[in-house]
Number of protein chains: 2
Amino acid sequence: MSADPALRREIPDATVARLPEYLRTLSRLAEDGVLSVSSEELAAEVGVRSAQLRKDLSHLGSYGVRGVGYDVETLALEISRALGLTEDWPVAIVGMGNLGHALASYSGFVTKGFRIVGLYDDDPALADEHVVGVPIRPLAELHVHHAVDPIAIGVIATPAPAAQAVCDALVGAGVSSILNFAPAVLSVPSGVDVRRVDLSTELQILAFHAQRKSLAAGDLRSAVVAQ
Amino acid sequence: MSADPALRREIPDATVARLPEYLRTLSRLAEDGVLSVSSEELAAEVGVRSAQLRKDLSHLGSYGVRGVGYDVETLALEISRALGLTEDWPVAIVGMGNLGHALASYSGFVTKGFRIVGLYDDDPALADEHVVGVPIRPLAELHVHHAVDPIAIGVIATPAPAAQAVCDALVGAGVSSILNFAPAVLSVPSGVDVRRVDLSTELQILAFHAQRKSLAAGDLRSAVVAQ
DNA sequence: AGACGTTTGTGAACCCATGCACAAAGTTGA
DNA sequence: TCAACTTTGTGCATGGGTTCACAAACGTCT
């Protein structure tokens, strides 16, 4: 029987969403030569409550020492393992406009775990351009490429109208994890995982809170008007 | 007394996060000439349960007609109002590398509600370059600019090490809503709102689920090994 | 060795969000 | 006008996530 709780137990989604942040902070601490942290210290760095941090970590196993804290190296390694970053993940980006270029050259992509193996765009003007050493090819070549060098994660950085067709092509080639930057809801068969990142959604949420703040500030005025 | 529930009642964060998606879908339907939708239809388009959609909308007021559905135009307008998109929000982007360029020319930014009023970067190589008609200027000019043409929302698209300093500059100039693309946790005074979008976090979450899928597929093998 | 201080891991209470199911309210058609 | 049908808005139950608070476990110092 495996003793690793990460492989046996279910890790809550909310916890998984925070693990990358813990990992990033631990890596920074390791670079700074810090050997050990308490949940209190680490939580303060990340901006969460220490109880939440401890409960999150408890889902991966018991890697702390009571009265002492957590060994930075060990904990970083265990989080990496839990997230699956000990193996590397071949990534393909479809849509090499401004955003696609930015993503391809984003250093966060290259860092541990992820490797860009394909860049796709049907615009002839981009044909055979290279970004970070990888050639841009037409989407039709996806199948061939995937057969030779399988793609684990597909990133969609096209305009919204093209997104569903690109998604279908990725799914058709066998990709079952997709990161979608296009402002469109994708329909996929079950078993395929889609995460969406939408810039304008984030802006709109900020606008909502900004509006609330300015309404609160102008309370007096509106109260008078309301009368 | 104002009769608008959006101004009086509290709208849950989870609801606010979904409103932009509802709005986008309604706008698309309006373009297609659709005049009315039921909660069932709209929910199917967006990919949520109809009960959730109705509950979300009930927080803004009562804009549906029983037995009929929602008027597309009216509902879109009411969501826009609730989100604060009826006024326009001046946005400044700091950090004009690949990502900054992509954001500045992203069409989602220009669409209703948001207007780019400033682009900042201290790299002399970028000085006086124009993107979408706006000149790139050094960060030191932020204060002056803000005094003339106030900035409501600041977008940080710099590398992580610079993010906190940029954030301090924005806050110092009076910006109280910040969208942070740098992989760093920002500390801000209370009253300032920060949202973070992190590309590598999203990738890592995908990797976690991908790993879980491949572990499930290889269950038999690991079970044998475990014995 | 034993007492003391520290920090983890977790049971239990709370809180928010989701989903169900139905009454209320509207339309349509005879 | 009235009955049949449709769809909203919402009270209630359920489930997950967060926070509290404390016992268990470890190191340290005498």
Side-chain angles (χ1 to χ4, degrees), chain A residues 3-6 8-22 26 29 34-76 78-79 82 205 208-209, chain B residues 3-6 8-22 26 29 34-76 78-79 82 205 208-209:
Chain A
D4 187 343
R8 305 185 54 76
R9 233 185 281 173
E10 194 68 17
I11 301 180
D13 284 348
T15 294
V16 172
R18 283 185 293 267
L19 290 180
E21 192 56 51
Y22 300 159
L26 285 167
L29 291 176
V34 178
L35 298 176
S36 176
V37 275
S38 68
S39 62
E40 204 68 51
E41 292 162 343
L42 184 54
E45 289 282 329
V46 173
V48 300
R49 304 268 168 200
S50 64
Q52 173 144 274
L53 175 60
R54 289 198 298 277
K55 182 144 287 188
D56 282 342
L57 296 181
S58 76
H59 289 116
L60 325 185
S62 192
Y63 299 110
V65 179
R66 293 171 192 230
V68 177
Y70 300 87
D71 179 76
V72 172
E73 292 276 1
T74 306
L75 190 54
E78 289 303 331
I79 294 178
I205 295 172
F208 171 80
H209 291 293
Chain B
D4 188 343
R8 306 184 54 76
R9 232 185 282 174
E10 195 68 17
I11 302 180
D13 284 349
T15 294
V16 173
R18 282 185 293 268
L19 289 181
E21 192 56 51
Y22 300 159
L26 285 167
L29 291 176
V34 178
L35 297 177
S36 175
V37 274
S38 68
S39 62
E40 204 68 52
E41 291 163 343
L42 183 53
E45 289 283 328
V46 173
V48 300
R49 303 269 169 200
S50 65
Q52 173 145 274
L53 174 61
R54 288 197 299 275
K55 183 149 289 189
D56 283 341
L57 296 182
S58 76
H59 289 116
L60 324 185
S62 193
Y63 300 110
V65 179
R66 295 173 191 226
V68 176
Y70 300 87
D71 179 76
V72 172
E73 292 277 359
T74 306
L75 190 54
E78 288 304 330
I79 294 178
I205 295 172
F208 170 82
H209 290 293

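Side-chain atoms are counted along with the backbone in the values below, which use heavy atoms only and exclude waters and symmetry mates. Model, not experiment: these values are computed from the prediction.
When side chains are defined from C-beta on, A:Leu19 does not count as touching B:Phe208, because their heavy atoms never get closer than 4.5 Å.
At D:dT18, one or more side-chain N or O atoms of A:Arg18 fall inside 4.0 Å of OP1 or OP2 (strictly under the cut-off). Close to D:dT8, at under 4.0 Å from its OP1 or OP2, lies a side-chain N or O of B:Ser39. Distances shorter than 4.0 Å separate some side-chain N or O of B:Ser62 from OP1 or OP2 on D:dG9. An OP1 or OP2 oxygen of D:dG11 is reached within less than 4.0 angstrom by no side-chain nitrogen or oxygen of B:Arg54. The side chain of B:Tyr70 contributes an N or O atom lying less than 4.0 Å from OP1 or OP2 of D:dG9.
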Quick one, A:Tyr22 with A:Leu53, criterion side-chain contact (heavy atoms from CB on, under 4.5 Å). Give me CA distance, side-chain angles, the key distance, then yes/no.
CA-CA 9 Å; A:Tyr22 300 159; A:Leu53 175 60; 3.5 Å; yes
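Comparing C:dT10, D:dT18, C:dA17 by their nearest atom to the side chain of A:Ser58 picks out C:dT10.
Residue B:Tyr63 contributes atom OH, which lies 13 Å from atom P of D:dT10 at whole-angstrom precision. One atom, CZ of A:Arg49, and another, P of D:dA21, lie 12 Å apart when rounded to the nearest Å. Remark: C1' of C:dT6 and CD of A:Glu41 are 12 Å apart, rounded to the nearest angstrom. Spacing between atom CG of A:Leu60 and atom P of C:dT10 amounts to 12 Å, rounded to whole angstrom units. For A:Asp13 and D:dG15, the CG to P distance is 17 Å, given to the nearest whole Å.
Pairing each heavy atom of A:Val48 with each of A:Arg18, the nearest pair is CG1-CD, 4.3 Å. Heavy-atom minimum distance, B:Asp71 versus B:Leu35: OD1-O, 3.5 Å.
A residue-by-residue look at A:Val68 and A:Asp56 shows that A:Asp56 has its nearest nucleotide of DNA chain D further toward the 5' end.
For D:dT19, its base sits under 3.5 Å from the side chain of A:Lys55 at one donor and acceptor pair at least. Judged by distance alone, with hydrogens and angles left aside, B:Arg66 brings a side-chain donor or acceptor within reach of the base of D:dT8, the pair sitting under 3.5 Å.
With B:Gln52 contributing its side chain and B:Arg49 its backbone, the two residues share no donor-acceptor pair below 3.5 Å.
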